[in-house]
2 protein chains.
Amino acid sequence: MNAADVSIETIHHELTAFARRARASAGRLHPELSLVSYTLLGHLEDVGGCRATDLAAHYALDKSTVSRQVSALERAGLVERRADAQDQRVQVLHLTPAGKEILAQVTASRRVAFRERLAGWPEEDLERFAGYLLRYNAAAGGVMFRAAPASD
Amino acid sequence: MNAADVSIETIHHELTAFARRARASAGRLHPELSLVSYTLLGHLEDVGGCRATDLAAHYALDKSTVSRQVSALERAGLVERRADAQDQRVQVLHLTPAGKEILAQVTASRRVAFRERLAGWPEEDLERFAGYLLRYNAAAGGVMFRAAPASD
DNA sequence: TCTTCTGGTTGCACCGTACAACTAAGTGGT
DNA sequence: ACCACTTAGTTGTACGGTGCAACCAGAAGA
């Protein structure tokens, strides 16, 4: 096992640990906004409104899951559905002011957490780390794990 | 917003994306071994057997959750419980040969996935990336998000 | 028009999780 | 020796997130 393999093993291990920890702790702080809800709201803000189908495709979620998430967010008053003039089936989703507010709060609080955790890092390392994550996620392309090589 | 803040924002965004993606896709490949089961088995292999309470403490899970996970793993024949001579309450958990086998398979297949995704990276970048993740996770110290700064 | 496609909802089942109540076993004080 | 307290683990219950399948309503094309 050469040095590159050791590094890959470490990356594997640490990213797995991160994912597990995120899963375990994501819901406990900000109970009003789960990790998925948060990313959904964030996407709506980024793109400025889209359809439920777009969310499902973008996040590789089942449309039923998105439907329920959106229902919950609407019930909470964070998103609103607007009819589409061209197509009566689609409902364009938009953030409400309350949704923008909550999203901003949660983002700010999480940013603080990340900033604390990254305090003391040289700017050069921050930039490289960010670059590596971008590059890695781009390569991951929406799927975290591939199927087993030979067993299927 | 200076360059460091931009980097931190990117790290925040990309790690969040990774966590969400992991959550969404972890269960679909290797349905026989969820992300949690996998890390539990991995820990048992690393430390060579421990108590359910140790697992709960190490992964910040409720003991009931661990109890059920362990029960499932035992039912699947991947771990076995051994009585402790000193304390009749504790059951020391060990991987069975089948557990070692499955763990090795899943690890291998995931390693392949990571290796593919990291193919073409210069060895220097791999080492730095691994180092950054280690450093970040060490700073995270078991909790992914801190409470909101002022709202509570 | 009639069939097919598409956006979305709902019923159902499953998993992972927490909390609370509980049992069984060890520990310590009197 | 006994009783209170702690600790390890299980079980009941509830909840949130997820996928699949069935379904409905609107749109598009043969």
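Worth knowing before you read on, the calculation uses all heavy atoms, side chains too, and leaves out hydrogens, waters and symmetry mates. Residue numbers start from 1 in every chain, and the chains themselves are labelled A, B, ... in the order their sequence lines are given, proteins ahead of strands. The structure displayed is predicted, hence computed values, not measured ones.
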Exactly one of B:Phe18, B:Tyr136, B:Trp121 should register a ring pair (Phe, Tyr, Trp, His ring centres under 6.0 Å) with A:Tyr132. Which one does?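 In the set B:Phe18, B:Tyr136, B:Trp121, the residue that makes a ring pair (Phe, Tyr, Trp, His ring centres under 6.0 Å) with A:Tyr132 is B:Trp121.
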B:Arg51 backbone acceptor or donor facing B:Asp54 side chain under 3.5 Å: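 Side chain of B:Asp54 to backbone of B:Arg51: a pair is present.
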Look only at the side chain of A:Ser37 and the backbone of A:Leu33, and say whether a donor-acceptor pair between them is shorter than 3.5 Å.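 Looks like no, no N/O pair under 3.5 Å.
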Phosphate OP1/OP2 of [N]: any [X] side-chain N/O under 4.0 Å:
{"X": "A:Thr65", "N": "D:dG19", "result": "yes"}
{"X": "A:Arg89", "N": "C:dT6", "result": "no"}
{"X": "B:Thr53", "N": "D:dG9", "result": "yes"}
{"X": "B:Gln69", "N": "C:dT17", "result": "yes"}

Of the options D:dT18, C:dT9, D:dT10, whose atoms approach the side-chain atoms of A:Leu61 most closely?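 For A:Leu61, the side-chain atoms sit closest to D:dT18.
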5′-ward residue of the pair B:Asp62/A:Ala85 relative to DNA chain D: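 Residue closer to the 5' terminus by nearest nucleotide: B:Asp62.
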Here's a test of your reading of the structure: between A:Asp87 and A:Val36, which maps to the more 5' nucleotide of DNA chain D?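 Here A:Val36 is the residue nearer the 5' end.
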Please give, in whole Å, the distance from D:dA8 C1' to B:Arg81 CZ?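 Spelled out: CZ on B:Arg81 to C1' on D:dA8 is 11 Å.
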Would you kindly check if the NZ (Lys) or CZ (Arg) of A:Arg135 is within the cone defined by 45 degrees around the ring axis of B:Phe129 and under 6.0 Å from the six-membered ring centre?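 Output no; distance or angle outside limits.
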